[in-house]
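Quick notes on the structure that follows.
Residue numbering restarts at 1 for every chain, and letters A, B, ... go by the order of the sequence lines.
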Amino acid sequence: MQKLLMILILSIFALGNEFVIKPHHIEVKLKCTDCHKEANEKDYKALDSNSCLSCHGSKEKLAKRLDFLKGKNPHNSIHDNANLNCYTCHNEHKPSFNMCNTCHNTKTWMREIK
Amino acid sequence: MLNRRNFIKTIVGTSVAVPGILNANDNLGKDIKFDEIADVIIIGSGVSAHICAAYLVKNKIDVLMIEKMDRIGGNSALSQQDFAVLNSDLQIKAGIKDSEELFLNDLNKAGAGYNHLEHSLRIIRNSNEAYEFAKSCGVKYADKLKFLGGHSVARSVETIGGGGACISTLNEFFIKHNGKIKNETKCDEIIQDESGKIIGVSVRENYRFNRNLANDDRENLSGDKKHYKARLAVVFATGGFSRDIEFRSIVNPRLRLAKSPSSLGQTAGALKQMLKVGAIPTQLALSRFSFGIPTEDLIYGIMVDCNAKRFLNEDGDRQGLSNKILAHMEKINTTIYPIIIFDSTGFANSHDPNRMQSFITAGKMKKFDSLSDLANNFKLNENDLSKTMQDYETGISNNKDEFKKDLSKIKNSSMSKAPFYAMTAAPGLSYTPGGVYADINMRVLNISNYEPIKGLYAIGEATGGVHGQSRLTSCSIPDCMTSGIACAKDILKGV
């Protein structure tokens with residue numbers, strides 16, 4: 001019984017660890033419930049872009065901040081304008097994914113995204 | 001006790017009462033409650049989809065477009081969209097003499113005669129109408145013609161802003177004319193009525209494509225199941241399958257090791273759905289490769305495999321070279337792409353030095369002051385590489401190349417003068433010429449009787465047999481656009 005309890009506690013601990021939060025979000029002390037509005041943790045779903053934009057403003061505003069990249073602005077690209085969802089590249093609980101990098105070598109003009 | 005046989009019986013028994021849940025093949029539309037209804041449902045959002053949609057909404061047809069990805073436009077949004085047009089305003093203005101025969105000859109030469117003649121003519125004869133229609137929707141073209149490889153005259157117009165601008169312009173036009181679009185909505189299955197007519201599709205909304213899965217079509221369970229009804233037609237504008245490594249390796253094992261530069265969503269799922277309702281698969285084994293560097297320059301350098309050895313005559317077209325590279329990689333059992341190397345003399349011989357320079361700026365090609373830097377960077381054995389280069393030079397001085405390269409064409413290029421320039425030579429499968437067979441009104445034909453499957457159309461890269469062995473450059477856009485318009489016109493006939 002004690003062993004079973006131990007396994008249970010350990011697995012809950014592991015589950016908690018699985019959902020790490022990005023350093024810049026830890027800095028502003030974000031809690032799970034700041035983004036996930038469901039009452040029960042079990043019901044948490046992947047977020048849509050509006051959840052991100054409730055803090056970060058609009059896609060247009062985010063695009064403007066990278067205007068200095070001129071023709072290579074990932075938030076306002078020649079392929080997609082400002083139409084992509086945040087999560088197409090940015091992940092909160094796992095490493096993000098630079099989609100531009102699937103075709104272009106972005107090292108010469110873009111920082112790595114975390 | 002419920003043994004296996006009884007269990008199966010029970011499931012079959014209940015499937016009548018609960019259609020679509022226990023029995024995935026029960027797609028007869030009898031008891032389905034539809035969540036959305038439109039005149040026409042278009043699957044996909046590339047240039048074929050958008051032109052077809054634009055033509056339909058302009059004629060007051062109610063269109064719902066669905067796209068499984070977050071990105072609108074698929075491969076079209078990535079493409080440069082050069083557009084071969086017969087007798088365009090620009091050709092007339094420049095006084096260029098072009099003709100159906102000339103264009104057909106060029107298409108057949110590239111296609112090695114595998115192309116279906118009626119589709120070649122469909123592209124040629126309707127290219128100018130499609131170009132004018134795209135302009136009327138707001139798509140902008142540069143005021144000069146391009147004379148591209150494989151074409152016997154200058155006939156290609158250049159899309160200003162490329163595919164991204166084209167798609168966003170057409171999308172704006174579509175929305176302005178009351179078109180509806182849902183992205184992250186994946187079509188799972190085609191719904192037929194008892195007579196076999198296509199009456200809708202079952203989809204999943206809020207679908208999130210997962211690039212990390214080996215096969216997203218089969219393994220991704222995300223999204224909420226819905227049923228959409230189409231009053232007039234379902235149009236598959238679903239592109240090719242160049243990203244579907246599993247499928248393309250079955251239709252042609254040689255394609256297994258090719259790089260995949262296409263849009264992430266280019267899987268074979270949509271093709272399989274059409275085959276399930278009886279479509280005819282055509283020319284699925286064919287391929288079209290893109291290559292990171294203009295292949296006419298390769299003759300000035302050497303290509304070496306991961307053992308630092310040459311294995312081919314570097315003089316060739318991208319299709320031929322790509323096939324040889326992939327065959328060699330299979331033979332020596334590696335997934336590492338070969339390296340193309342120029343010394344400073346070979347580099348200077350490029351037909352487009354500015355472009356070569358841009359590869360260096362972009363980080364695609366690297367410059368090395370010494371051979372050991374180059375060898376280290378690409379993890380090649382320096383001694384072996386040095387020997388390969390010496391053998392090549394010996395060949396040049398004896399005027400006899402090991403791989404029968406015509407050395408009179410290399411403009412005194414050598415392989416010993418630093419700095420050296422090198423990049424990976426990866427054949428990229430960017431387009432799959434195969435697909436389902438459709439008639440010139442883009443109606444998908446049934447394999448059992450070669451009659452159209454009622455209510456089902458396919459346009460653009462989703463169709464097969466149009467371009468034959470190799471698609472002529474700048475001929476995808478006229479194919480996509482003329483097929484989109486032909487499909488729209490045929491749907492309008494039934495209204």
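- Both the backbone and the side chain of A/Phe97 come within less than 4.5 Å of a heavy atom in chain B.
- The candidate from A/Thr88, A/Asp48, A/Ile78, A/Asn85 with the greatest count of non-hydrogen atom pairs under 4.5 Å with chain B is A/Asn85.
- Ring centroids of B/Phe420 and B/Phe368 are separated by 6.0 Å or more, keeping the two rings apart.
- Of the atoms belonging to A/Asn81, it is side-chain heavy atoms, and not backbone ones, that fall under 4.5 Å from chain B.
- Remark: aromatic rings of B/Phe247 and B/Phe241 are close, center separation under 6.0 Å.
- When each of B/Arg204, B/Lys226, B/Lys68 is tested with B/Asp188 by the rule side chain to side chain donor-acceptor pair (under 3.5 Å), just one qualifies, namely B/Arg204.
- Heavy-atom distances place no part of B/Ile167 under 4.5 Å from chain A, backbone and side chain included.
- If you measure heavy-atom distances from B/Ser79 to chain A, you find no contacts under 4.5 Å at all.
- Each of B/Ser222, B/Ser76, B/Pro261, B/Ala362 has some count of heavy-atom pairs under 4.5 Å with chain A, and the biggest count is that of B/Ala362.
- Proximity of B/Arg71 to A/Leu84: side-chain heavy atoms (C-beta onward) are separated by under 4.5 Å at one or more points.
- Side-chain contact between A/Pro95 and A/Lys114: absent, with no pair of heavy atoms (C-beta onward) separated by less than 4.5 Å.
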